[in-house]
Every structure is written in structure tokens, then in C-alpha cells.
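Single-structure report; data block below.
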Amino acid sequence: MLNQGLTPLFDAVKKYISDNVTAFHVPGHKHGRGICELTGFLGEPALNMDVNGMDDLDYYNNPTNVIKEAQNLLADAFGAKHAFFLVNGTSGGIQTMIMSVCKPGDKIIIPRNIHKSIINGMILGGVNPVYIQPEIDERLGIANGVTTHKVKEAILSNPEAKAVFLINPTYYGVTSDLKTIVDITHKYNMLTLVDEAHGTHMYFHEEFPTTAIESGADMCAVSMHKTGGSLTQSSVLMIGSDKIDPESVKQALNLLSTSSASYLLMCSLDIARKQLAIEGHKLLSNTLYLARWARNEINKINGLYAFGKEMIGRYGCFDFDETKLGINVRSLGYTGYEMENKLRKEYNIQVELSDLNNVLAIVSIGDRMEDLSKLVNSLKDIASKSNIEIYGGMISPPKYPESVICPRDAFYMNKKLVRLIDSEGQLSGETVTTYPPGIPIICAGEMITKEVIEYLTVLRTEKCHLQGAKDTSLGYIKVLDTPLR
Ligand SMILES: Cc1ncc(COP(=O)(O)O)c(C=O)c1O
């Protein structure tokens, strides 16, 4: 282990500030003097930290000293071979992974309940998806992990595919059997790439599901900002095996990255890594305690179900991250959207996301007992004023439709608007996503089915947040202007 108490990048920035240098470099606010209102609100230290690449502070696109040292410390803390700081979130890391291992025309095998950044990565790289249907939990109406059996089937039918891309864990906390899948992919000469946007904390406590690096995956990206304590947008791309050339990854990263990476974001990564390495276990023991306490209390409330580890072994759930506090609210007579709204408007609580049937609260190292108590008490209050009914009609996402035209070709084709109700059998010209969680209901190039139209109609009626559609009310949808098959 390297000395995880060090913060080389943060120290270099502090030294630069204390040197009181006269700055003739960007950013043009010059230590905050050029934007007084923001400096007044954030405070001088924050604006002083907002500097740019220079010899003292290293260069993001080709790090050789303090950024490199900070990245090496991070790789060491996570058990990875190499690490790259990301200032465009895990979205940027996902696109980099795809661009660095695939050429245009290559295939990757992926579960269809992926985040839209993977689709965007395939558009950029001209890569073709081979989709695996995730297992659907009909009781909760959510898509979970993929079975090893389905992954193996996809590998055998597409032996030329470059990689299998997995999510560990899903937004709702569910993991697939990553270790076995890594072994299978390697046996068939494929790579395993992992979207660990929701898994940073899992590296620092043994009571969480297995991580990508532990499983022997070749590359992964983690959103340190989501559950690791760093600032929003700061993530990390890690290499876990010798099958990946760090130089190719650096090239792909530079293709997609700014040349003015934020030192506030990068310093927050340096500090968050130190905190996780030194205190992570203790902090996460407390986080787990809070999440378990809240789950237990919520499950005593008539009409609510906070799902957890009992899902393991069923519904495509190999293991479960208990800090994802998903609560099924349907038996109280509410949709998840209504419950989210109620919690925000009447109880001053904001959850991470809602869907038709559930709300999801993320419990993390920043939470306190009083916050979890407030959530539990608010839910008790709501339940006491509601009529409990056993809700039988859980609405699940539709079976993911057939992908006919690859994402990049669909992106560049001509499109036209048609009424959603008349679009069955046509190829979608846009990728329509509920956000969060950011999983597309239909992707550009996929065949619009009756179930997709019905599901989108329900989402529209329930006023859920939809992204990607030109007509945001979804009366119309863009389709590819190409003859029907
Ligand atoms: C499963 C999943 N992957 C990737 C991302 C993208 O992460 P980021 O916001 O760090 O770009 C998200 C964001 O919510 C996500 O939920």
C-alpha cells in the first residue's frame, strides 16, 4: 500500500495559492476577483482553487507529476492497475472504455437496462450492440441483473464480440454474478467492462457485493461523486487487467475530454480517495447501520415494502447493495412519482428517483440518523393517512424491443414525426429515457412495439420526467424515415 494519507494534488494547489502568485493565466476570474457575487457566496478558497494546468500543478491530458501521483494513489486504494481522473462523470468513462477497446463495426454484448451514456458511446464509436434482456422483477416493476446463462448464450452466438459490458450494481442495488461472467468472457477471449457508477463505496467494506476490480474485470468507471464523497461530475476510470493498454485508454480519454479540467473536481477526488482509504470502513459501517435500520423500520409500516437482501437468488439478483433504499409504494395507492412529489412538497425530503411503483433513497457517508428518522417518520405519516390496498397491477418496463439499425446509423438517418399511437412497427428515430434512472425505454434504431407505446402512454399520463423526445408531451415520436421492413 502507498501512503494513503497523502494528497499530492490538493497539496500542490494549496501551495500555489499560498505562494500568492500574480496570475496572468486563465481562468479569467483571477482568484475570484472577476466574479464577486460567486466569490461572496462560495468563499475565496473555492475560487482560489479554481486554477488551470501548469508545471506546478501538472496537466490533465498528459499527467506526469502531482495528478499522476494522485491517480496512482487512487489506483492503489481501489486495487486497480491504473486510474484516470474523470471530470465528465462516469458517462465520460463509459464512452472512453468503448472508444479505447472497440473499432467501428465491432460488437459489444450488453444488458438492455443500461444507462444512456453507453448508447452514446456506441454512437461515437460506431459500435453495434448485442442486447441481453435483463431479468424483470414483476412484483416491483424493475429490471435487475442478467443471468450468466444469458451472457454465455450471447457470447456463443457472437464469438467475434469485443466485450461484455455490465452494470455493478444497478441503480436499485442489484448485481449480477460478475466474477463468473468475467471468467466466461476471458475464456472466450473477450473483455469485461463495467459501469460502476453506483458502486464506489463497495470497494471499502466487505459487506458489499463484489466489485469489478475484485472480480478481475478489465476496466470499470466509478462515480466517486455519487457515493464516494467527491464533487459532482468527478469520477474515475480504472484498469483492472493487463489486457488493456493504458496508452490507448489515455488517447481515447483525451479525444473526449476538455483541455481545462477543473482542479476543484480533481482535488475533491484526491481528498475523497484519502478519506475512503483511511476512514472508509468506519464511515461505511455507519452507513450500513443507518440503511439497515431504516429498511427495517419502513418494512414495519403497513403498505410499504423496502426491498433488500431477500431478493438474492431471485429476479436476476445475485447480490444486493443495502445502501440503495428502494421502497415500493403502490399498496398505499400512490405511484412512485406521486410519492416523490409528496415527500418533497409536504415533508421537505428529496429522494434520488422514482418510477411508476417505487421511490429510491440513496443512503451514503453523508447521512445522519436524524435524516433517516425523518424519512421513516414521514413515510409513517403518509401511510397513516392512506388507504392500504394490495396492489396487483404492478406495471413493469416493456420487453426491450428489437434493435434493427445500429445506434450510429440511426443517429445520422433522416427522421420524421408521427403520432405515437400510429408508430407501431416503425423504427424509432430518438432515444426516449426516463431520467433518472436514465435507462432508455426505446433507443433510436429499435422497433416500436405495442407494449412500448402502451408503456410510454402510461409514463406520459403519470407525468414522469422523459428525456430525448422532440415532442416532450409524447403525442408524437420521431421515427426513421426509411421504408418499413
Ligand atoms: C447506471 C449509471 N451509469 C452511468 C451513469 C453516469 O454517471 P455520471 O453521472 O457520473 O456521468 C449513471 C448516472 O446516473 C447511472 O445511473
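Note that ligands are numbered from 1 as they come in the structure, with each ligand's atoms numbered from 1 the same way.
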Which ligand 1 atoms, with their elements, are less than 4.0 angstrom from a heavy-atom of Ala197? 2 (C), 3 (N), 4 (C), 5 (C), 12 (C), 15 (C)
Heavy atom of the protein closest to atom 11 (O) of ligand 1 (residue, atom name, distance): Ser91 OG, 2.6 Å
Report, as yes or no, whether the 6.0 Å neighbourhood of atom NZ on Lys150 holds more than 12 heavy atoms from other residues, nucleotides or ligands. yes
Interfacing atoms of ligand 1 (cut-off 4.0 Å, heavy-atom, Tyr171): 14 (O), 16 (O)
Quick one: does Gln233 get within less than 4.0 Å of ligand 1, heavy atoms only? no
Atoms of ligand 1 close to Ser223 [distance to a heavy atom under 4.0 angstrom, numbered from 1]: 7 (O), 8 (P), 10 (O)
Aromatic ring pairing Phe307/Phe320, orientation class (parallel under 30°, perpendicular over 60°, tilted between): perpendicular
Is it true that atom NZ of Lys399 has more than 12 heavy atoms of other residues, nucleotides or ligands lying nearer than 6.0 Å? no
Atoms of ligand 1 under 4.0 Å from any heavy atom of Gly89, numbered from 1 in the order shown, are 10 (O), 11 (O)
Which atom of Ile405 lies closest to which atom of Leu427, heavy atoms considered: CG1-CD1, 3.6 Å
Any side-chain heavy atom of Arg112 sitting closer than 4.5 Å to one from Ile132? no
Is Glu352 salt-bridged to Lys324, cutoff N-O under 4.0 Å? no
Is it the case that atom CZ in Phe411 sees more than 12 heavy atoms from other parts of the structure closer than 6.0 Å? no
Which class fits the ring pair Tyr171 and His198: parallel under 30°, tilted 30 to 60°, perpendicular over 60°? tilted
Which residue and non-hydrogen atom of the protein lie closest to atom 16 (O) of ligand 1, and at what distance in Å? His198 NE2, 2.7 Å
Considering only non-hydrogen protein atoms, determine which one is nearest to atom 14 (O) of ligand 1 and report residue, atom name and distance to 0.1 Å. Lys226 NZ, 2.9 Å
Considering only protein heavy atoms, which is closest to atom 2 (C) of ligand 1, and at what distance to one decimal place? Asp195 OD2, 3.4 Å
the protein heavy atom lying closest to atom 8 (P) of ligand 1 turns out to be Thr90 N, 3.4 Å
Element-labelled atoms of ligand 1 that are located less than 4.0 Å from some non-hydrogen atom of Ser235: 10 (O)
Which of the atoms of ligand 1 are close to His225, meaning less than 4.0 Å from one of its heavy atoms? 8 (P), 9 (O), 10 (O)
